[in-house]
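What follows is a short report on a single structure.
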Amino acid sequence: MPFAFMIGPGGEFGLHSHRWTALHETIEGWVESLALAHHAALWAKCITKVTGDEVEDIALDGHQPVREVKGLADTWWRGADSLVAIYNGEADCLSAPQSRTALIYSGLDEWGLRGGVDDDEG
């Protein structure tokens, strides 16, 4: 079933198909997530894709939410040398839990982890 990107009543950025799912608190958060995905893909030494129920098994101990993406259904986490993107929004919107996806960008140095953004800037 097709879906459309939409802006919610509170400015949330999300998907609509047979139901509405807010992905990010703001359009800016969505743009930040796209920029972070591009940045992480350029600098990671390894990218691992995890799908379906295995997404729940990802250990996020020692990881902090990446505040600038303002994630709701789709979230980003920053660890000591990795970034983890967890995409639940499309799976929720389409009632297809098997479509949950996570990308683990590992082997990142400080530039790869932050791209010059300090924790108190997001």
Side-chain angles (χ1 to χ4, degrees):
M1 176 177 281
F3 58 82
F5 291 108
M6 297 182 77
I7 309 304
E12 310 88 351
F13 180 84
L15 298 173
H16 189 272
S17 181
H18 66 280
R19 78 158 104 195
W20 161 252
T21 301
L23 304 178
H24 301 274
E25 289 178 21
T26 64
I27 296 168
E28 292 82 4
W30 173 65
V31 171
E32 288 288 341
S33 74
L34 294 175
L36 187 56
H38 178 74
H39 175 82
L42 286 174
W43 294 98
K45 289 188 169 82
C46 179
I47 302 171
T48 304
K49 182 178 180 181
V50 179
T51 59
D53 290 338
E54 292 178 11
V55 170
E56 293 177 27
D57 296 334
I58 296 172
L60 294 173
D61 299 338
H63 285 71
Q64 298 296 321
V66 178
R67 293 178 310 166
E68 51 269 39
V69 303
K70 300 177 182 176
L72 296 173
D74 291 354
T75 58
W76 279 80
W77 300 84
R78 184 178 285 122
D81 69 348
S82 64
L83 288 164
V84 179
I86 300 179
Y87 301 107
N88 287 311
E90 185 175 340
D92 181 63
C93 181
L94 300 175
S95 298
Q98 70 278 9
S99 297
R100 289 178 295 173
T101 303
L103 295 173
I104 303 167
Y105 301 89
S106 57
L108 294 167
D109 61 12
E110 187 64 24
W111 175 255
L113 286 171
R114 300 185 184 283
V117 176
D118 292 330
D119 274 338
D120 43 329
E121 286 184 31

Would you compute the distance between atom [atom1] of [X] and atom [atom2] of [Y] and round it to the nearest 0.5 angstrom?
X: Trp111; Y: His39; atom1: CH2; atom2: NE2; value: 6.0 Å
X: Glu32; Y: Lys70; atom1: CD; atom2: NZ; value: 8.0 Å
X: Glu12; Y: Ile27; atom1: CD; atom2: CD1; value: 10.0 Å
X: Asp109; Y: Arg114; atom1: CG; atom2: CZ; value: 11.5 Å
X: Trp77; Y: Asp61; atom1: CH2; atom2: CG; value: 11.0 Å

Tell me the closest heavy-atom pair linking [X] and [Y], and the distance in Å.
X: Thr21; Y: Gly89; value: CG2-O, 3.7 Å
X: Ser95; Y: Arg19; value: OG-NH2, 2.9 Å
X: Ser82; Y: Ser106; value: CB-CA, 4.1 Å

For Leu15 and Phe5, run side-chain contact (heavy atoms from CB on, under 4.5 Å): C-alpha distance rounded to whole Å, both residues' side-chain angles, the deciding distance at 0.1 Å, then the answer.
-> CA-CA 5 Å; Leu15 298 173; Phe5 291 108; 3.3 Å; yes
Hydrophobic cluster membership, with links at side-chain heavy-atom distances under 4.5 Å among I/L/V/M/F/W/Y: are [X] and [Y] in one?
X: Ile58; Y: Val66; value: no
X: Phe3; Y: Trp20; value: no
X: Ile47; Y: Val84; value: no
X: Leu60; Y: Val50; value: yes

Do the side chain of [X] and the main chain of [Y] share a donor and acceptor less than 3.5 angstrom apart?
X: His16; Y: Gly8; result: no
X: Arg78; Y: Leu113; result: yes
X: Asp74; Y: Asn88; result: yes

Carefully, step by step, assess Thr101 and Val55 under the rule side-chain contact (heavy atoms from CB on, under 4.5 Å).
-> CA-CA 7 Å; Thr101 303; Val55 170; 5.6 Å; no
Just do the side-chain contact (heavy atoms from CB on, under 4.5 Å) check on Glu25 and Leu72 with the steps written out, would you?
-> CA-CA 6 Å; Glu25 289 178 21; Leu72 296 173; 3.8 Å; yes
Quick one: does Pro65's side chain get under 4.5 Å of Trp76's, heavy atoms only?
->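 They are not in contact (no side-chain heavy atoms under 4.5 Å apart), so the answer is no.
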Look at the aromatic rings of Phe13 and Trp30 and report parallel, tilted or perpendicular, splitting at 30° and 60°.
->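 Judged by the thresholds at 30° and 60°, the geometry between Phe13 and Trp30 is parallel.
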Taking NZ, NE, NH1 and NH2 as the nitrogens, is one of them in Arg100 or Asp92 under 4.0 Å from a carboxylate oxygen of the other?
->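 No.
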So among Ile104, Thr75, Leu103, which one has a side-chain contact (heavy atoms from CB on, under 4.5 Å) with Ile86?
->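 By the side-chain contact (heavy atoms from CB on, under 4.5 Å) criterion, Ile86 pairs with just one of Ile104, Thr75, Leu103: Thr75.
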